[in-house]
Structure formats: C-alpha cells, structure tokens
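What follows is a set of notes on a single structure, which appears directly below.
Just so it is clear, the model here is predicted, and its values are computed rather than measured.
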Amino acid sequence: MKKSLEEIEEKQRKKDVEKFLTGDHLKDAGRLKKNTARKLTGSSQKNGEKPINNAVRNREFAVVTYLFLSIFLGMIAYFAYFQIEKSEAFINSPYNARQDSFADRIIRGDIVSAQGDILASTKTAADGTETREYPYGRMFAHAVGFSTNGKSGIESVCNFQLLRSHTFFLEKILKEIQDKKNTGDTVVTTLDTSVQKAAYDAMGSYQGAVIALKPSTGKILAMVSRPDFDPNTIQADWDSITSEDQSSAVLLNRVTQGLYPPGSTFKIFTMMEYMREHKNYKNYAYECSGVLTQEENVIHCFGNKVHGHEDLNAAFANSCNTAFSSIGLSLNLAKFQNLNRSLLFDSPLPCEFPYKQSSFVLEPGASAGEIIQTSIGQGKTLVTPYHLALVMSAIANDGVLMKPYMIDRVTNYSGAEVSANEPEEYDTLLSVKKSAVLKNYLRSVVTQGTASALNGQSYEAAGKTGSAEFTSAKDSHAWFVGYASKEGMEDIVISVVIEGAGTGGAYAVPVAKAVFDAYFQGTN
C-alpha cells in the first residue's frame, strides 16, 4: 500500500527533530566539512589510496610550462636571428624569384671597378624603357656577367644589392610620391681595369683563362675567360651561344669551371711530398739522360733534352720530366694523396662564383705508368686555374690562404658606404718555413729555368711553367702559375692557361709578364 506524500514528509520531519535533539546534525556537518577538506587538499585515503602530493603535481605543471615557454622563446630568437642575419642571404639567392619584383620600383645600380670605371649601368629612355649597358663589352664578360636571359657573374652574386636603394630617405619618399623609381646601390669591385685589360689583350685570339689576385688580402684584380661573349647583345645572341653545336662553351667561366691537366705545374706538389718524406732533400741528385723507361712506359724530357747532373733545385727549374717521374716512384702514395687533399684537391673552395673541384687521381697500389704520368702533371689529375692560384697565394703569403673576393664595398648612388668586405683568412695550407723554401725553388724557375723571360724586371717574379699534353698528337695547354713582388707594393699572384698553344714558357709566361707590367705600372 502506497504511502501518501503527507505521511512521508511527516516521517522526515520526525527524523530531523531527533537528530537535532541528539546532536547528530553536528556529526553530519563535521563529516561534510572533512570530506570537503579532503577533496580540496587531495588527501582522500578512500580504499587505502595514498594521499596525492600537491608539490609533485605543481612541479609537473611547472616543467610543462617551462618547456613550452622555452620552445616559444627559441622560436622568437630564431625569427630574430633570421631577420637580422639570414634574411638577406635568402633574398639574395639567385633562385629567389622575388628579387626581380624589386625592379618595379628600383633602377638597377651600377657595377664599377676599383678605380671607379663603370663596368655595368642602366640607361633609361624617355619612354621609361631601361637598357643594361656594359661599356667594356667582352673584356669583363665572365667577371661582371649579364642580367638578361638569366644572370651570371657579379650581376648574379650581387643581384639583391643592385636592386635595393639606400638613397637619402627624403629623396626616396619624394620619388615614391611622384611614382618614380629610386636608383639602386652601386657595387664597387676589386677589379683593376688596367690589369684586366692587360690580361685580356695578352691572350689574343687564344682560348683559356687568367686570374690575378693579391695574396695578402684575397682581392681579385682580374678574371678573364675566353672564348667570351658581348653582354650588350646577350639576348640577341642567346640562341647561337647556347646551341647544341656550340663546342667552345662560351658561357663557361674557365677560371673557376675549366678543368685541365696541370702539366708541369703539378711538379710543385710532387716536390712538396718528396720534401716531406725526405728530410735530406737537399742531397737529392739525379743524372738526366733525357729518357726514363719503367715497365714499358717511356718518359722523355721536353724536346728530348738531356739535362745531365741535377740537384732538386735544378730539376725543378729545368722542369725535368725524367727526374720527377723517378721522384714519383719513390713516394708513399697514401701520404701523397693526403698532401693533395690538404692543398684543396677534391675539396670545397672559397669562391663566390660557380666552380668545379680539382681532382687528384692516384690511389695507393697504382701502376708505375700511372705514377710517373701523374707525378709530372699528366695522368688523370685535373685542376682549375682558380685552384692553382689559391695554392700559389698561400705560398706567397707565408702559407696562409686569404679568402678571395671580388666585391670591395656597396655604396648608394651618391657614394655613401652601405657595407664593405674585409680581408679574411680562409686556412693555413703550409708552414712559414715550408713556404719560404718553396719561394726559393719557384724563384729559380725565373732566374735559371723555363720562365727566364720574367727575369731582370723592376719586380721580382717567381713561379712554375707547364705544358700539359691533352691529345695523342701531343698538343699541349700552356701554363704559368706564380707571383711577383716589388718594394712598396703588395704582391700579385697569377694563374694562366692558354688552350692548345704549346709550352708554358713560350705562351703563358708572356701573358703573366703583361699582367705584372700593368700592375707595377710598366716600370723597368
């Protein structure tokens, strides 16, 4: 039988009265208070559970908080670093298509020589048409490059600098209000106009490459590669110079990208390894008969000349093939390989332009034929003129290689400096003592050897010639790599290769002499 609502309510009132009279309501309030306190403090021990340590919970929360805070601060630091240090490098990348959009509001800046001669500039016609002009035409083709149909040379390396303007801000604002373009910044190079002209003219109609630089700073004074092109007409000539039947590779910068057998210039490296392995190298003696036969391999001295009795200095000055083939057979090939790697073979190079690595190809266990050929610069070893210039720079600079550079500074169009490059050490390739010894041997090539045309000048020259055979008919590239010094002036280093010309002494040395004469102002 169901109870009525009134009966239920009456029964509940009686229970409440009993609790009040007996004090049970106070017990219930106490239990409620304790339960509430347990929940707030996390100290419930129901069913035997251990109380939760509030300090542990707070520590875990703090760890997570600091972790996320560290990540956030790290991201902020990276974004700041990117904006300050790296953003310009990314914007200046030749692969960044955004750069060309800058030309909508900036007139591309000038490129000038160290003397201030304009090498590239933009002319604006009355109708607003802009034309990039190169006053020296082909002479600076590979060094300065072009900015139409893609970009090369300095036009590529400094594209960002040429397309931004540090014009006085009031002038910049005024032109923007007038919807006129501001003038881009000027790139001032280290290129010496007279030295570049001397190198270009001295090469005549031959193909090849010349690079000249200051070993004490790394400043590049001249960079010539032939065959060349006219950057003023690059757009019109594009199809012809990039055609498949264009075997001369006109756009290739042979200074940094041309790989050649080094010929007798490689005897510098062979001699260095011999000196390392033989502390008594000054006692070296060899009897040159003009020919050396080793396991059916026959080596002749140039022109079958018989040099007779030679010490190491005479063998080097005479560029004696049989002596250096014999030296090569005595070397530890593993150590020889390590030496050449330390001298930047098969290694990255400090270079602003696209380049190819030189390769030393002679493994331990190589045959006698491979050894004697490689030791005199034939074989499979290949070098770039740029690489040999770096090694010669280190020798001339007491073993220290300075990082080569062609951009001296950037200014706004009125001449105010925006940024500047400073000489920077790249690496120490040789000891001071070893470089001093090599200087004496290189000097003997001029005073008593194959580069005698450089003797008796107002400056003191040193270096090594080479004739690198590259066909079965014994056609050879002409090489000279060396340096010259004169009191009161910084030294100059040069690397020359003339393709298919003949001997280094007859063809490459005269080019070096023309460059040295121009650099030292032709005084004799």
Side-chain angles (χ1 to χ4, degrees), residues 113-115 139-140 143 189-204 206 208-226 255 264-265 268 317 319 385-386 388-398 402 404 406 435 438-467 478-498 501-524:
S113 71
Q115 295 77 28
M139 187 184 299
F140 289 90
T189 72
T190 61
L191 295 168
D192 186 305
T193 307
S194 62
V195 174
Q196 180 83 6
K197 185 178 187 304
Y200 186 82
D201 291 345
M203 287 189 69
Y206 284 107
V210 181
I211 180 171
L213 65 156
K214 294 181 179 181
S216 60
T217 61
K219 288 185 177 182
I220 296 174
L221 303 174
M223 179 182 283
V224 176
S225 177
R226 303 190 76 169
V255 172
S264 291
T265 62
I268 297 171
S319 199
Y386 183 76
L388 289 184
L390 298 187
V391 175
M392 189 56 58
S393 292
I395 294 172
N397 195 43
D398 296 331
M402 302 299 290
M406 197 181 291
S435 61
L438 291 172
K439 286 179 184 179
N440 290 331
Y441 280 81
L442 292 165
R443 176 61 178 159
S444 70
V445 175
V446 172
T447 58
Q448 63 188 65
T450 55
S452 58
L454 290 171
N455 201 21
Q457 307 301 314
S458 64
Y459 47 84
E460 186 174 285
K464 185 70 187 76
T465 59
S467 303
W479 276 102
F480 179 77
V481 56
Y483 66 93
S485 57
K486 184 177 182 178
E487 188 175 353
M489 295 188 69
E490 293 181 78
D491 292 355
I492 179 175
V493 160
I494 194 168
S495 179
V496 181
V497 62
I498 309 296
T503 65
Y507 292 93
V509 168
V511 175
K513 184 178 183 301
V515 170
F516 291 160
D517 289 347
Y519 177 70
F520 295 113
Q521 299 178 347
T523 56
N524 289 296

Open item on the list: Let's go through Lys464 and Ser264 carefully: what are the C-alpha distance in whole Å and the side-chain angles of both, what is the deciding distance for side chain to side chain contact (heavy atoms under 4.5 Å, CB included) to 0.1 Å, and is it a yes or a no?
Closed with: CA-CA 8 Å; Lys464 185 70 187 76; Ser264 291; 3.6 Å; yes
Beyond-backbone contact of [X] with [Y], side-chain heavy atoms, under 4.5 angstrom:
{"X": "Ser458", "Y": "Lys486", "answer": "yes"}
{"X": "Asp517", "Y": "Gln457", "answer": "yes"}
{"X": "Thr450", "Y": "Val445", "answer": "yes"}
{"X": "Ile395", "Y": "Val493", "answer": "no"}

TODO: Check the pair Trp479 / Leu388 against side chain to side chain contact (heavy atoms under 4.5 Å, CB included), numbers first and verdict last.
DONE: CA-CA 10 Å; Trp479 276 102; Leu388 289 184; 3.5 Å; yes
For a quick test of reading the model, state the closest non-hydrogen atom pair linking [X] to [Y] and the distance between them.
{"X": "Ser485", "Y": "Asp491", "value": "CB-OD1, 2.8 Å"}
{"X": "Ala451", "Y": "Thr465", "value": "CB-CG2, 4.0 Å"}
{"X": "Ala462", "Y": "Val446", "value": "CA-CG2, 3.7 Å"}
{"X": "Ala461", "Y": "Arg443", "value": "O-NH1, 2.7 Å"}

Is the backbone of [Y] close enough, under 3.5 Å, to the side chain of [X] for a donor and an acceptor to pair up by distance?
{"X": "Gln196", "Y": "Ser194", "answer": "no"}
{"X": "Ser467", "Y": "Gly504", "answer": "yes"}
{"X": "Thr190", "Y": "Ile220", "answer": "yes"}

TODO: Name all residues meeting the side-chain contact (heavy atoms from CB on, under 4.5 Å) criterion together with Ser225; count only those two or more places apart in sequence or in a different chain, and write none if there are none.
DONE: His142, Asn253, Arg254
TODO: Could you pull out all residues at least two apart from Gln115 that satisfy side-chain contact (heavy atoms from CB on, under 4.5 Å)?
DONE: Ser113, Asp117, Asp192, Thr193
Open item on the list: If I take atom CG from residue Asn455 and atom CD from residue Gln448, how far apart are they, to the nearest 0.5 angstrom?
Closed with: 10.0 Å
Task: Partner set under salt bridge (charged side-chain N to carboxylate O under 4.0 Å, His left out) for Asp398, not counting sequence neighbours - done: Lys439
Task: Pairing residues for Tyr200 by the ring-ring contact (aromatic ring centres under 6.0 Å, His included) criterion, not counting sequence neighbours - done: none
Task: ring-ring contact (aromatic ring centres under 6.0 Å, His included) against Phe480, all qualifying residues, sequence neighbours excluded - done: none
- [ ] Check Tyr483, Tyr519, Phe520 against Tyr459 for a side-chain contact (heavy atoms from CB on, under 4.5 Å) and give me the one that passes.
- [x] Phe520
Task: Sequence neighbours excluded, every pair satisfying salt bridge (Lys or Arg N to Asp or Glu O under 4.0 Å) that has a member inside residues 213-226 - done: Lys214-Glu490, Lys219-Asp408, Arg226-Asp228
Open item on the list: The test is side chain to side chain contact (heavy atoms under 4.5 Å, CB included); show your working for Leu454 and Lys513 and say whether it passes.
Closed with: CA-CA 6 Å; Leu454 290 171; Lys513 184 178 183 301; 3.6 Å; yes
Open item on the list: Is there a side chain to side chain contact (heavy atoms under 4.5 Å, CB included) between Leu442 and Ile268? Walk through the geometry before answering.
Closed with: CA-CA 9 Å; Leu442 292 165; Ile268 297 171; 4.1 Å; yes
